[in-house]
Structures are given as C-alpha cells and as structure tokens.
*Asks:* 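Sharing a structure below in structure tokens format, with a few things to ask.
Atoms within a ligand are numbered from 1 in the order they appear, just like the ligands themselves. Predicted, not measured: the structure shown is a model, and the values here were computed from it.
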Amino acid sequence: MKLWGGRFTKETDQLVHNFNASISFDQKFFKQDIDGSIAHVTMLAKQGILSDLEKVAIINGLNDIKEEIISGSLVIDGTHEDIHSFVEANLINRIGEPGKKLHTGRSRNDQVALDMKLYTRDELLQIKELLKDLLVVLQKVMKENLDTYMPGFTHLQKAQPITLAHHMGAYFEMFKRDHSRLLDIYDRMNYSPIGSGALAGTTYPLDRAYTARLLGFDGPTLNSMDSVADRDYLIEFLSGLSIIMMHLSRFCEEIIIWNSNEYQFVELDDAYSTGSSIMPQKKNPDIAELVRGKTGRVYGSLISLLTTMKGLPLAYNKDMQEDKELTFDAMDTVKGCLGLFTGMLSTMKFNIPAMENSAKNGFTNATDAADYLVNHGVAFRDAHGIIGQLVLYCIDKGIAIDDMSLEEFKAISPVFEADIYEAVNLKTCVEKRNTIGGPGKAAMAQVIALNEEYLKSIL
Ligand code: ARG
C-alpha cells in the first residue's frame, strides 16, 4: 500500500519504486517507529483529537505488530516503500477504521526525524557503555603496571623512560573525552521533533511537550522547519564516532608495532590473532589491523553525510534519506571494534623484561644526564652539548650511558661524580617525574585515584 496514491493516475515504475524505497534499511528502527507512534497517539487522545477507544485499539494493534516482528511471526514486507508505510498498512489491515487515524497531525518528515533520533539515542547509550568497559580495562592495566618501565617515543624514536601505566593513561584520557563527548551530543540532540508536521507544524491542538516527555526527551524542538531538516546530531555523532575510531586506530598501530618480532613488547592472545595460510610461524595481529582499517569507513560516513547536507534548502528533501545506511554502518562498525578491542587488550600479555630492556638501551636517560649537569651548575645548552658527545662516545663503543666508568664520564666532563649512576638509573628517571600528569608513581597514583572516582561517576 502507498500512503500517497490518491493524487496519481499511473503506477510507479518498478525501478523508481526500488530506487526510492528505504524499507530494506529503515526497518532497523521498527521498534522506535512503533514507540513513537504510541506516544503520538497517546497525546492525540489526551488532546481529544482521538477517542480513548480509538487510542486503545491503535496502541494494542501497534504493540501486537511490534511483538510479532520481534518473534519473527510477522515478516517485514519489502514491497512497502518504508517502515512507516509498512506499520501503518499492517495496522489498518488488522484493526480497520481507527488505524486510519494514526497519521493524524504528523508527516513522515517529522516521523522519520523522530525515529532516527530515537534509534541514534539508543545506539549512543550502547557505545557509551562499551567505552566504559574499555576504560575499566585500561584502569586495571594501569594499576598493575606502575613500575613497568618502557621507553616513551617521539618520532617513533626512543625518547624518555615512562611506565606502561603512564602509556595506558594517555589512552584513558582519550577515551574519557570520547565518553564525555557522547554525553554532550546526547544533551544537545535530546529534543523531540514529532508534531512538526511536514514543515510548518499542524492545525491540530497538539501537546508536543507531552509527547516529548513520554519519549524521554528534554522538550520539543522549537522550529518546525529545522525539526524536519536537522541532521546536525547525526553529523556530531559521526564525528564523535570518527574520533573514537581515530583513537582506536592509533592504539592498534602501537599494538601492531609492539607485537612485531622486532619489539616483542606484547603477545596477543591466540584467541585474538590469526595465522597465515602459507607461513606456519605467523601469528598476525589481524584484529588490530582491521580496526585500524575500518577507521576509514567511519570517516567516510561522516564526510558523506556532511556532503549530502551541504546544499539542501529548507526544509525536508529526500536526499536526507541517505543519512541512514551510512550512520547504521558507522554505529555497527564502532560497536564491533570497541568490543573486540577491549577483548584484545584484556587478554594481551605484556612482555615486561623486553619493555624495560628497551628503555635501558636507547639513551632514554640522556635528558636526565643533562639535567644532572644542570643541577651541578652547568647551563642547560652546554649540558645538552656535553651529553651529545657522551652519547656519540657510547654509540661508538656500543654501550649504554649507565655502562660507562666514572673515568670515562670524567673525561667528558669533570663535573660528573659517582652519584651520576643513581641519577641516570631508569627508576630514578621515572620517579623524579612526579608533577601531576607525569609518569612518577606518586603522580600516577593521584591520577589513578581520580580515574577511580570518574569511573564511579559514570557507572
Ligand atoms: N524514507 C524517508 C526518509 O528516510 C522518510 C520520509 C519521507 N518523506 C517524504 N516526504 N518523502 O527520509
């Protein structure tokens, strides 16, 4: 059944129907469509626009449709244009006359705006939970690795020593921002468009604030044209999802590097790695690579929707139907990636000796050696030059700074004394960095306590 056949004298061309139809994908929000209709009808009856008998008949019919779709006894018939047409036609078939009143005081334009918002809101809450699960795993790894030394990198070159807890803490901050970004988006999007009609409101005495409240919104949207034409919340959401993927992708890149034969900082659990069809020795980080790869796909959704929206005059245009498949794909992708990533991280083994060994070899304590000279009265620029020479000397001899004899130190600068060994020791280098945000244990303990409070606040 068509919702709009009356004005037409010819059947729609089959190809046109196929091209125009959205039921193959918008059936994803059949529950939200029905919940929205139930709230709308409840409001219509409260306002005296429908009788209570009509309301009850419609709501019972809609609830039956919902249950039957869920149980599988009612199959969504792909010959309808969209999920809205399917539900309405089915309702009329089963309850007769009252069913024809369901669409009083609304248009598919405000209906689809509502359905998509309700669906997005549900997805956003699920993704928020998945982020929380990841934060809980990160916090655990942090707590367990306050003394696990590893090199910190810049330019992928060993720079200064840090701890594994500190490194994980950087990701904790990223995913914490992602979590709060979703909450911001939720607050901004949580206004109900239903009752805006096609674009100019309706002549019925609707109580939009009431419908909004029934559906858990903070209130009705305030401009009916904007209500049916607004997809900002999807663009914000896709942007939030893109940032989550960017963070996951950076993390995956590190895990791939750490898992390589050269680094061996981590070993992926067998359940989270894959083999090669030809090379028997291989244990590949496919999951990390796929998450990194899927980032492009989520960015693509964001760019697609921005581009779709950029030239649209007010108010509704059919172009906006294109918002769905790409947003659904992005939501499903992010949910899949977050779940798998958390599983991979929580089962991954850290090779603590390899990390510490790497931190010891690679002059990560060179800055501390320069700081030692500064603390003994040498200007920092001069100290930098002296340690540069010292590093060159060590490279030449194939040794670490700590391996030099006191005579060798003194030959480079007479300022060095026996306490240089303590000053360039890995533990000292990390433990001296105790201002908030640094890798020192006291600083990290403060952050871990704050994280604990934060995790409690989002439970
Ligand atoms: N399937 C449409 C969409 O997703 C529903 C709204 C149809 N409205 C219209 N005026 N054709 O946007």
*Asks:* Give every pair formed by an N or O atom of ligand 1 and a protein N or O atom closer than 3.5 Å, one pair per line with both atom names and the distance to 0.1 Å, or write none.
*Replies:*
unit_1	atom_1	unit_2	atom_2	d
ligand 1	1 (N)	Ser22	OG	3.1
ligand 1	1 (N)	Gln321	OE1	2.7
ligand 1	4 (O)	Lys324	NZ	2.6
ligand 1	8 (N)	Asn109	OD1	2.9
ligand 1	10 (N)	Asn109	OD1	3.1
ligand 1	12 (O)	Tyr316	OH	2.5

*Asks:* What pairs with Ser260 under side chain to side chain donor-acceptor pair (under 3.5 Å), at least two apart in sequence or on another chain?
*Replies:*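 Side chain to side chain donor-acceptor pair (under 3.5 Å) list for Ser260, sorted by chain: empty.
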*Asks:* Do Ser37 and Arg106 have a side chain donor and acceptor closer than 3.5 Å?
*Replies:*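 The criterion, which ignores hydrogens and geometry beyond distance, is satisfied for Arg106 and Ser37.
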*Asks:* Taking the side chain as every heavy atom from C-beta outward, state whether Tyr149 and Met355 have any pair of such atoms under 4.5 Å apart.
*Replies:*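 The answer is no, as the side chains (C-beta and beyond) never meet within the 4.5 Å cut-off.
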*Asks:* Would you mind checking if Lys100 and Glu88 are paired as a salt bridge, meaning a charged N to carboxylate O distance below 4.0 Å?
*Replies:*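 The answer is no: the pair does not qualify as a salt bridge.
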*Asks:* For residues 309-357, which residue pairs pass the ring-ring contact (aromatic ring centres under 6.0 Å, His included) check, not counting sequence neighbours?
*Replies:*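 Pairs touching residues 309-357 that pass the test: Tyr119-Phe328, Phe251-Phe341.
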*Asks:* Taking side chain to side chain donor-acceptor pair (under 3.5 Å) as the cut-off, I'd like each qualifying pair that reaches into residues 329-339, sequence neighbours left out, listed once.
*Replies:*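 Sorted pair list: Lys28-Asp332, Glu123-Lys335, Gln126-Lys335, Arg297-Asp329.
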